[in-house]
Amino acid sequence: MATKILASSSHSFENECKEIHESRGRWNHLIQTLVTRTQLECRRIRETYKDMYGEDLITLLQKSSLRNQPGVSPKTCAALSLWMLHPHERDAIVAREALLQDNDTNHQALVEIFVGRKSSHIALIKQAYLSKYKTQLDQDIINIEPPHPYQKILVALSTSHKAHQADVNQHTAKCDARRLYETGEGSPGAIDEGTVLEIFTKRSIPHLKLTFSCYKHIYGHDYTKSITDVNSGEFEDALKKVVKCICNPPNYYVKILFASIKGMTADRGAITRVMVSRSETEMDEIQRVFKEKYGIELRETICNSIPSGDYRDFLLALANKTV
């Protein structure tokens, strides 16, 4: 059905491409065109434009940004480029940028990819990464310097996407929950990293989510509380954030967005990354949780904290999308 709809609207894509081509240099028209479309439609517009004029819209955007031409900022250019890409291509670029960040690896961005994507999507990300950068994503994670506890968890999650059984098993989840207790708050000292990493390596994300739900049912509190109560170190801090991303994605992303919008984090790309990746999956829920947690609408927070311009307009358009 979707294919038929897109095919029937190909004439509309051609008209929009003509308007974009005729308004080159006035990139606000391109921005207004793309933010009202779905990501799939944007990719069709990009393909149609390439067929009609032999030029790639993302390349044109990047060139205009580098030349400091009026009408598009580097931040808006980067956001629009991500919006037009296939999701697995986008995630490959996000992963690469996370690994090559100037001061420190952006482990948070990598966690969001490995926790928030299906195994079939992870496989496509790795293929796109290899094709674009001529190196293996898994190996680049293993080679992160300086070593960090996130590294162990990321390697385990990456392995789980290749090795786990897709089925979610209640009995196994309860057994895993008991093992986490017995090697965590149920024993003296720090959490047994080996047990945690073994479970993360062998289980799917849905199964891990069920395991943490079973943990709360059996022991009366979240697994993250048990992590906080033990002798907490770098591994425990990293593990707690990963578990929160697994158990309650909307709440996790709301915190990331608020900190990034308010300038309370060094992860400056978080606003664009989260808004683009979640806009067509759970933006409704993110907006609800944001209002519930901070007493203000996400859109209002963006208006109050980000200077007026095309970038803010782009973010507001994404915030207004309904799933």
Side-chain angles (χ1 to χ4, degrees), residues 16 19-20 23 26-43 45-46 57-58 61 65 70-85 87 90-91 93-94 97-98 106 108-109 111-113 115-117 241 244-245 247-323:
E16 290 187 345
E19 292 176 5
I20 291 170
S23 64
R26 301 190 307 276
W27 293 105
N28 59 315
H29 180 79
L30 173 62
I31 294 166
Q32 292 167 6
T33 298
L34 295 180
V35 294
T36 59
R37 294 290 196 169
T38 66
Q39 289 179 316
L40 179 57
E41 289 170 337
C42 285
R43 293 198 296 273
I45 290 171
R46 181 188 176 195
L57 280 175
I58 291 179
L61 269 172
S65 176
V72 61
S73 68
K75 191 177 287 188
T76 306
C77 169
L80 281 172
S81 297
L82 288 178
W83 184 246
M84 282 190 282
L85 288 169
R90 178 190 67 223
D91 286 339
I93 291 173
V94 169
E97 290 177 350
N106 189 344
Q108 190 167 266
V111 167
E112 290 165 16
I113 290 172
V115 169
R117 312 295 187 260
K241 291 178 181 177
K244 286 181 177 180
C245 188
C247 292
N248 193 340
N251 192 60
Y252 169 90
Y253 287 117
V254 159
K255 290 180 178 179
I256 296 296
L257 281 173
F258 186 81
S260 187
I261 293 170
K262 292 295 185 179
M264 299 159 56
T265 173
D267 186 4
R268 300 304 182 192
I271 308 175
T272 299
R273 184 180 72 244
V274 172
M275 294 294 288
V276 168
S277 67
R278 313 319 296 175
S279 63
E280 294 186 347
T281 56
E282 54 191 342
M283 188 53 68
D284 292 346
E285 184 67 7
I286 286 174
Q287 291 191 66
R288 184 192 67 77
V289 174
F290 195 99
K291 176 68 180 296
E292 185 179 274
K293 190 172 186 65
Y294 299 111
I296 186 173
E297 298 284 354
L298 172 60
R299 294 182 290 271
E300 189 176 347
T301 305
I302 292 172
C303 284
N304 292 342
S305 303
I306 296 177
S308 62
D310 290 331
Y311 180 63
R312 188 175 78 176
D313 292 344
F314 176 78
L315 294 178
L316 288 173
L318 295 187
N320 286 326
K321 285 186 175 292
T322 56
V323 181

Gln287 vs Lys291, test: side-chain contact (heavy atoms from CB on, under 4.5 Å). Steps then yes/no. CA-CA 6 Å; Gln287 291 191 66; Lys291 176 68 180 296; over 6 Å; no

> What's the verdict on side-chain contact (heavy atoms from CB on, under 4.5 Å) for Arg90 and Met84, showing C-alpha distance, side-chain angles and the deciding distance?
Replying inline: CA-CA 9 Å; Arg90 178 190 67 223; Met84 282 190 282; over 6 Å; no

- [ ] Please assess Ile296 against Phe290 for the test side-chain contact (heavy atoms from CB on, under 4.5 Å), listing each intermediate value before the final yes or no.
- [x] CA-CA 7 Å; Ile296 186 173; Phe290 195 99; 4.0 Å; yes

Given side-chain hydrogen bond (donor to acceptor under 3.5 Å, both in side chains), test Glu97 with Asn106 step by step and report yes or no. CA-CA 8 Å; Glu97 290 177 350; Asn106 189 344; over 6 Å; no

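With rounding to the nearest 0.5 Å, the separation of OG in Ser277 from CG in Leu318 is 10.0 Å. Distance check: Arg288 CZ to Glu292 CD gives 5.0 Å after rounding to the nearest 0.5 Å. Interatomic distance, Thr38 OG1 to Glu280 CD, rounded to the nearest 0.5 Å: 5.5 Å. The OG atom of Ser305 sits 6.5 Å away from the CD1 atom of Ile261 when rounded to the nearest 0.5 Å. The CD1 atom of Ile45 sits 10.0 Å away from the CG atom of Leu40 when rounded to the nearest 0.5 Å. Rounding to the nearest 0.5 angstrom, the gap separating the CG atom in Asn304 from the NZ atom in Lys262 is 6.5 Å.
Here the side chain of Ser260 pairs no donor or acceptor atom with the backbone of Ile256 at under 3.5 angstrom. In terms of modelled atom types and a separation under 3.5 Å, the side chain of Glu285 and the main chain of Glu282 share no donor-acceptor contact.
Within the 4.5 Å cutoff, side-chain heavy atoms of Arg46 are placed close to those of Leu85. Inter-residue side-chain proximity for Arg278 and Thr281 is flagged as met; some heavy-atom pair is nearer than 4.5 Å. Inter-residue side-chain proximity for Trp83 and Val35 is flagged as unmet; no heavy-atom pair is nearer than 4.5 Å. Under the 4.5 Å side-chain criterion, counting only non-hydrogen atoms from C-beta, Gln39 is in contact with Val276. The closest side-chain heavy-atom distance from Arg37 to Glu16 is below 4.5 Å. Residues Arg312 and Ile302 form a side-chain contact, since some pair of their non-hydrogen atoms from C-beta on lies under 4.5 Å apart. Side chains of Leu298 and Phe258 form no contact here, defined as non-hydrogen atoms less than 4.5 Å apart. Under the 4.5 Å side-chain criterion, counting only non-hydrogen atoms from C-beta, Tyr311 is in contact with Ile271.
The residues Asp267 and Arg273 are annotated as salt-bridged, a charged nitrogen and a carboxylate oxygen being separated by less than 4.0 angstrom.
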Please output the side-chain donor-acceptor pairs of residues 248-255 that fall under 3.5 Å, not counting sequence neighbours, one pair per line with the distance.
| residue | atom | partner | partner atom | Å |
| --- | --- | --- | --- | --- |
| Asn248 | OD1 | Asn251 | N | 3.3 |
| Tyr252 | OH | Glu112 | OE2 | 3.2 |

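Scanning all heavy atoms of the two residues, the minimum distance from Pro87 to Arg43 falls at CD-NH1, 3.6 Å. Minimum interatomic distance between Ala109 and Val94 (heavy atoms only, all atoms of both residues): CB-CG1, 4.1 Å.
Tested against Asp310 for a side chain to side chain contact (heavy atoms under 4.5 Å, CB included), the candidates Thr76, Leu315, Leu80 yield a single pass: Thr76.
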